[in-house]
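To keep things clear, I will list the structure first and then write my remarks on it.
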Amino acid sequence: LFKDEPNNLSLLSNASAFIKQNISDLNWVGFYLFDGTNLTLGPFQGKVACNIIAPGKGVVGTGFNKKEVIIVKDVSKIDNHIYCDPASQSEIVLPIFNKNDVFAIFDIDSPVIGRFDDELSEFLMNFTNILQSFIDFNKALI
Ligand code: SME
């Protein structure tokens, strides 16, 4: 899927489609791209979503600031969650790095509480690492 794809936009588009198509119980799969100030909506699969998220806001902005994977078992139990799709019950965000800087946040929502168990989370971390290695950071996406 990735190795013959030189275009970052196509790469991220197909990455979101691949995950949505092959993993059950996901309602939103997509990318928020850091534009130098905020995280702005990139390629995704799912319902119309919030288009701009500030660092520190929501799970996406928290993952960005902390530079780490965040898994939320039940989004109704945390204050700092932005509801884009009310069907979302659990969420994982995975940073994509260009050296030490966060280039984008890979954000995945599920309509099932606790969907992101150890096995799925580990798979998504590996997937994100592979995807990251195929992004050409010399080419601007936004
Ligand atoms: N729930 C996210 C916002 C993005 S949507 O899930 C597509 C958050 O709390 O940052």
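Each ligand, and each atom within it, is numbered from 1 in the order the structure gives. What's counted below: heavy atoms across the whole structure, side chains too, no hydrogens, waters or symmetry copies.
- In this structure, Y32 counts as a contact residue of ligand 1, since one of its heavy atoms falls inside 4.0 Å of the ligand.
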Original post:
Do D109 and N27 pass the side-chain hydrogen bond (donor to acceptor under 3.5 Å, both in side chains) test, and can you show the C-alpha distance, the side-chain angles, and the key distance before you say yes or no?
Top reply: CA-CA 6 Å; D109 291 2; N27 59 306; 4.9 Å; no

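- Taking a cut-off of under 4.0 Å to the non-hydrogen atoms of D109, the atoms of ligand 1 that pass are 5 (S), 6 (O).
- Within the 4.0 Å heavy-atom criterion, the part of D107 lying near ligand 1 is the side chain and not the backbone.
- The proximity of I53 to ligand 1, defined as any non-hydrogen pair under 4.0 Å, is limited to the side chain.
- By the 3.5 Å distance cut-off applied to N or O atoms, V60 is counted among the residues near ligand 1.
- Note: no N/O pair closer than 3.5 Å links N80 and ligand 1 by distance alone.
- Within 6.0 Å of atom NZ in K66, 12 or fewer heavy atoms from other residues, nucleotides or ligands are found, so the atom counts as exposed in its surroundings.
- Of the protein's heavy atoms, V59 N, 3.3 Å lies nearest to atom 8 (C) of ligand 1.
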Could you list the donor-acceptor pairs under 3.5 angstrom formed by side chains in residues 132-142, with sequence neighbours left out?
from, atom 1, to, atom 2, distance (Å)
Q132, OE1, F97, N, 2.7
S133, OG, I130, O, 2.6
D136, OD1, N138, N, 3.0
K139, NZ, P6, O, 2.7

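- D101 is linked by a salt bridge (Lys or Arg N to Asp or Glu O under 4.0 Å) to nothing, counting only residues two or more places apart in sequence or in another chain.
- With distances taken over non-hydrogen atoms, the option nearest atom 3 (C) of ligand 1 out of I82, I105, V29, I78 is I82.
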**OP:** Start with the C-alpha gap between N80 and T62, add the side-chain angles, then the distance that decides, and say whether side-chain hydrogen bond (donor to acceptor under 3.5 Å, both in side chains) holds.
**Re:** CA-CA 8 Å; N80 200 7; T62 304; 3.3 Å; yes

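- Using a 4.0 Å cut-off to heavy atoms of C84, the atoms of ligand 1 that qualify are 3 (C), 4 (C), 5 (S), 7 (C).
- The closest side-chain heavy-atom distance from F106 to I108 is below 4.5 Å.
- Looking only at protein heavy atoms, the nearest one to atom 2 (C) of ligand 1 is E91 OE2, 3.1 Å.
- Under the 30°/60° scheme for interplanar angles, the aromatic rings of W28 and Y32 are found to lie parallel.
- Checked against a 3.5 angstrom limit, the closest N/O atoms of C50 and ligand 1 fall outside it.
- Not one N or O of K57 is nearer than 3.5 Å to an N or O of ligand 1, by distance alone.
- The environment of CG in D118 is sparse: at most 12 heavy-atom neighbours from other residues, nucleotides or ligands sit within 6.0 Å.
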